[in-house]
Amino acid sequence: MSIEIQTGRQPSPQLRVGLIGDPVGHSFSPRFQQPAFDALGIPARYELWHTPAKQLIERIRSLCEPDCLGANVTIPHKEAVLPLLDKIDPLATRIGAVNTIVHHDDYLYGYNTDAMGLLHALHEQGLGTKEQNKISLRGYNALLLGAGGAARAAAFALVDAGVEQLIILNRHLERAQHLATDIQQHYDRPVFSLNDPSFLIPRASSLIINATSVGLHEDISPLPAKILAHYDPDTFVYDMIYNPTQTYLLCQARLMNFRTANGLSMLLHQGAQSFSLWTNQPAPIEIMRRSLM
Ligand code: NDP
């Protein structure tokens, strides 16, 4: 799909794209999506579409209106939208969650850009290598905290990027086991599931990713400090939470001199990929970054 930009005296048709979720008021997406549309002269408005579950079908139907480019999807609808769409990208099917919907020729297509967003965010921090436009994390051992929607995207992204070993640590063990089983249906990589951090054996070149919501509202960490302290100095700790910008986990990791980053860079890169899918144009990433950071 490409957006035709009107020139001359003809008024440009106003296009719409928005965020579907419940709640949506806290979202940072309009902050960096709107400046991107404006910078490229695309007459689109990025809106917040608060959608309780009982209005989801109606909301998805409204995306087929001619002025609608598509949508982002957030909590709690990332999984529920799958059966409501016409075609789902294979990666989003494996992950089981869609965060980007594209409206094209009366059809609705579902994608998951969280996965690539995470890999680009890690690569930007100097992790891994880029081989033929694909980010490789070969040589890293990943510890993933969480097994919810964001963790599922991260787990597939990490294994697809070639991590040596993936350990999924989650409060409810069955959810971690379920995710590990799903991954092993597609990839021949060692994936382990745990719910007790005291069984962790730290390894060199570790990458620790928090994909739980622990730390979002309170000063608590999803990984006890005494466990974190056993990791090698070259460990990188990434927290998907971006508000607060410094979670308790990140503060502890910094005190231990580990390299760290918060989830703003993932938010930026997943949003940039969504923008490209809606417009079929490269996202103005530096404009988006300046608007967000
Ligand atoms: P989900 O609700 O799907 O998953 C929540 C996860 O947190 C589960 O693993 C859950 O464990 C765990 N959890 C929740 N409360 C506790 C607790 N008290 N103790 C231990 N574990 C707990 O949420 P998402 O996966 O969608 O989001 C997770 C986080 O990632 C959020 O903070 C979100 O803001 C962030 N995120 C950031 C993005 C970015 O671009 N930076 C993109 C997407 C998400 P259990 O399974 O045991 O319940």
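In each ligand, atom 1 is the first atom listed, and ligand 1 is the first ligand listed.
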Regarding atom 15 (N) of ligand 1: of the candidates Glu174, His217, His26, Arg171, which has the closest heavy atom? Arg171
Do the side-chain N and O atoms of Thr51 and Asp22 include a donor-acceptor pair separated by under 3.5 angstrom? no
Could you tell me how the ring of Phe156 sits relative to the ring of His186: parallel (under 30°), tilted (30 to 60°) or perpendicular (over 60°)? perpendicular
Kindly identify the option in Leu145, Asn170, Leu118 whose heavy atom sits closest to atom 10 (C) of ligand 1. Asn170
Where ligand 1 meets Arg175 - atom numbers and elements under 4.0 angstrom, heavy-atom basis: 3 (O), 8 (C), 45 (P), 46 (O), 48 (O)
Which residue pairs satisfy the side chain to side chain donor-acceptor pair (under 3.5 Å) criterion with at least one member in residues 187-200, sequence neighbours excluded? Arg94-Tyr187, Asp160-Tyr187, Asp196-Ser198
If you count the atoms of ligand 1 from 1 in the order shown, which ones are under 4.0 Å from a heavy atom of Tyr242? 41 (N)
Mark the output for Gly117 as yes if a heavy-atom distance to ligand 1 is under 4.0 Å, and as no if none is. no
Pull out every atom of ligand 1 sitting under 4.0 Å from any heavy atom of Ser213, numbered as shown with elements. 7 (O), 14 (C), 15 (N), 32 (O)
Using 30° and 60° as the class boundaries, would you call the ring planes of Phe37 and Trp278 parallel, tilted or perpendicular? parallel
Compute the shortest N/O to N/O distance between Asp114 and ligand 1 and return yes if it is under 3.5 Å, no if not. no
Got the closest protein heavy atom to atom 12 (C) of ligand 1, with its distance? Thr212 CB, 3.7 Å
Under 4.0 angstrom from atom 37 (C) of ligand 1, is there any protein heavy atom? yes
So, Glu124 and Arg289, do they make that salt bridge, N to O below 4.0 Å? yes
If hydrogens are left out, which of Ala150, Ala154, Gly215 has an atom nearest to atom 44 (C) of ligand 1, that is, the closest non-hydrogen atom? Ala150
Looking at Asp114 and Arg152, does any basic side-chain N land under 4.0 Å from a carboxylate oxygen? no
Taking atom types as modelled, is there a side-chain donor on Gln246 or Asn262 under 3.5 Å from an acceptor on the other? no
Can we say Glu164 and Arg203 salt-bridge, meaning some charged N sits less than 4.0 Å from an Asp/Glu carboxylate O? no
Does a side chain donor of either Ser29 or Asn72 reach within less than 3.5 Å of an acceptor in the other side chain? no
Any protein heavy atom < 4.0 Å from atom 48 (O) of ligand 1: yes
Is atom 2 (O) of ligand 1 in close reach of the protein, with a heavy atom under 4.0 Å away? no
Nearest non-hydrogen protein atom, atom 23 (O) of ligand 1: Ile75 CD1, 4.3 Å
With heavy atoms of Ile241 as the reference, note each atom of ligand 1 found under 4.0 Å away. 32 (O)
Counting heavy atoms only, which of Gln270, His269, Met240 comes nearest to atom 35 (C) of ligand 1? Met240
Distance from Leu179 atom CG to Ile95 atom CD1, nearest 0.5 Å? 10.0 Å
If hydrogens are left out, which of Ala211, Gly148, Gly271, Ala121 has an atom nearest to atom 28 (C) of ligand 1, that is, the closest non-hydrogen atom? Ala211
Mode of Val214 contact toward ligand 1 - side chain, backbone, both, neither (heavy atoms, under 4.0 Å): side chain
Does any non-hydrogen side-chain atom of Val73 lie less than 4.5 Å from one of Ile101? yes
List ligand 1 atoms under 4.0 Å from Gly146, heavy atoms only on the residue side. 9 (O)
